[in-house]
Amino acid sequence: MPNTRVKIGGFGLSVMGHRYFEAALPPRSDRLAADWRPHVETCIELFGPQRSMFESNFPVDKGQFSYAALWNAFKRLSEGYCQEDRDALFWRSAARTYGVEEALFQTEIGRTPQCAAPS
């Protein structure tokens, strides 16, 4: 179904089974990335980076972990992807989905994709 997209996030919701709020200290991004990796990898594998986007569930998740830890976890989870795919996950898929002019997000003129062609 090429016209579908997946928003990847909401992992602080209690239905996900994590009880981060019970810990003495909020979790760091490495812990969040480890906990979320199976879900994130499955979503990206099924939809591909071009139809996937990371999202924040703040302020709802604020009682579970920090905003910075959330986005740093997503950075950790996307480390193995090329820059073009990371751009898709962090902003380009959302821009295309919601009709936002992509030029608003680009900081380099003439940026070229860095991914190898799929085999």
Side-chain angles (χ1 to χ4, degrees):
M1 299 191 320
N3 64 333
T4 58
R5 307 286 184 270
V6 63
K7 288 174 66 175
I8 301 173
F11 298 113
L13 296 171
S14 60
V15 298
M16 294 302 294
H18 304 293
R19 302 182 63 83
Y20 301 121
F21 66 90
E22 292 179 343
L25 296 173
R28 296 172 15 145
S29 63
D30 55 343
R31 162 80 187 277
L32 298 177
D35 289 349
W36 304 345
R37 186 171 300 283
H39 306 291
V40 172
E41 288 180 349
T42 299
C43 287
I44 296 171
E45 180 181 317
L46 292 171
F47 286 84
Q50 304 306 317
R51 295 189 303 132
S52 302
M53 62 190 92
F54 291 137
E55 62 98 2
S56 157
N57 196 34
F58 267 71
V60 175
D61 286 342
K62 188 175 182 178
Q64 302 283 355
F65 41 78
S66 74
Y67 191 72
L70 164 81
W71 288 103
N72 285 335
F74 287 148
K75 289 175 188 176
R76 289 174 182 274
L77 289 162
S78 65
E79 283 177 341
Y81 292 91
C82 68
Q83 189 60 51
E84 181 183 9
D85 289 347
R86 292 184 91 195
D87 286 348
L89 292 165
F90 280 98
W91 67 270
R92 193 179 302 271
S93 294
R96 288 179 180 157
T97 299
Y98 298 113
V100 176
E101 177 59 46
E102 291 184 35
L104 295 173
F105 298 95
Q106 295 177 343
T107 58
E108 298 174 31
I109 297 173
R111 182 183 288 174
T112 56
Q114 301 295 317
C115 292
S119 52

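Just so it is clear, the structure is predicted and the values come from calculations on it, not from any experiment.
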Indicate the atoms forming the closest heavy-atom contact of [X] with [Y], along with that distance.
X	Y	result
G10	D61	CA-OD2, 4.2 Å
F11	H18	O-CD2, 3.9 Å
D85	Q50	OD1-NE2, 3.3 Å
S29	A73	CB-N, 3.5 Å
A69	P27	CB-O, 3.9 Å
R86	K75	NH2-O, 3.1 Å

| message | So for atom CZ, which belongs to R28, do other residues, nucleotides or ligands contribute more than 12 heavy atoms lying within a distance under 6.0 Å? | response |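 Open.
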Just how far is it from atom [atom1] of [X] to atom [atom2] of [Y], taken to the nearest 0.5 Å?
X	Y	atom1	atom2	result
C43	R51	SG	CZ	11.5 Å
S93	Y98	OG	OH	10.5 Å
R37	T42	CZ	OG1	11.5 Å
I8	L89	CD1	CG	6.0 Å
Q64	N57	CD	CG	10.0 Å
K7	S56	NZ	OG	9.5 Å

| query | Less than 6.0 Å separating the ring centroids of F65 and W36? | reply |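 Between F65 and W36, the centre distance is under 6.0 Å.
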| task | Compare all side-chain heavy atoms of V100 with those of W91 and state whether any distance is below 4.5 angstrom. | result |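 Not touching, per the 4.5 Å side-chain cut-off.
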| request: Step by step, work out the side chain to side chain contact (heavy atoms under 4.5 Å, CB included) result for M16 and H39. | output: CA-CA 10 Å; M16 294 302 294; H39 306 291; 4.0 Å; yes
| message | Given F74, which partner from the list F54, Y81, Y67 fulfils the ring-ring contact (aromatic ring centres under 6.0 Å, His included) test? | response |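 Option passing the ring-ring contact (aromatic ring centres under 6.0 Å, His included) with F74: F54.
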| said: Quick check on the hydrophobic clustering: are V60 and V15 connected, directly or via other members, by side-chain heavy-atom contacts under 4.5 Å? | reply: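 Same cluster: V60 reaches V15 through Ile, Leu, Val, Met, Phe, Trp or Tyr contacts under 4.5 Å.
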| said: Closer than 3.5 angstrom, by distance alone: can the side chain of S52 be matched with the main-chain N or O of V6 as a donor-acceptor pair? | reply: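 Judged by distance alone, no pair lies under 3.5 Å.
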| For E22, all residues meeting salt bridge (charged side-chain N to carboxylate O under 4.0 Å, His left out), sequence neighbours excluded |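 Per chain and number, E22 pairs via salt bridge (charged side-chain N to carboxylate O under 4.0 Å, His left out) with R19.
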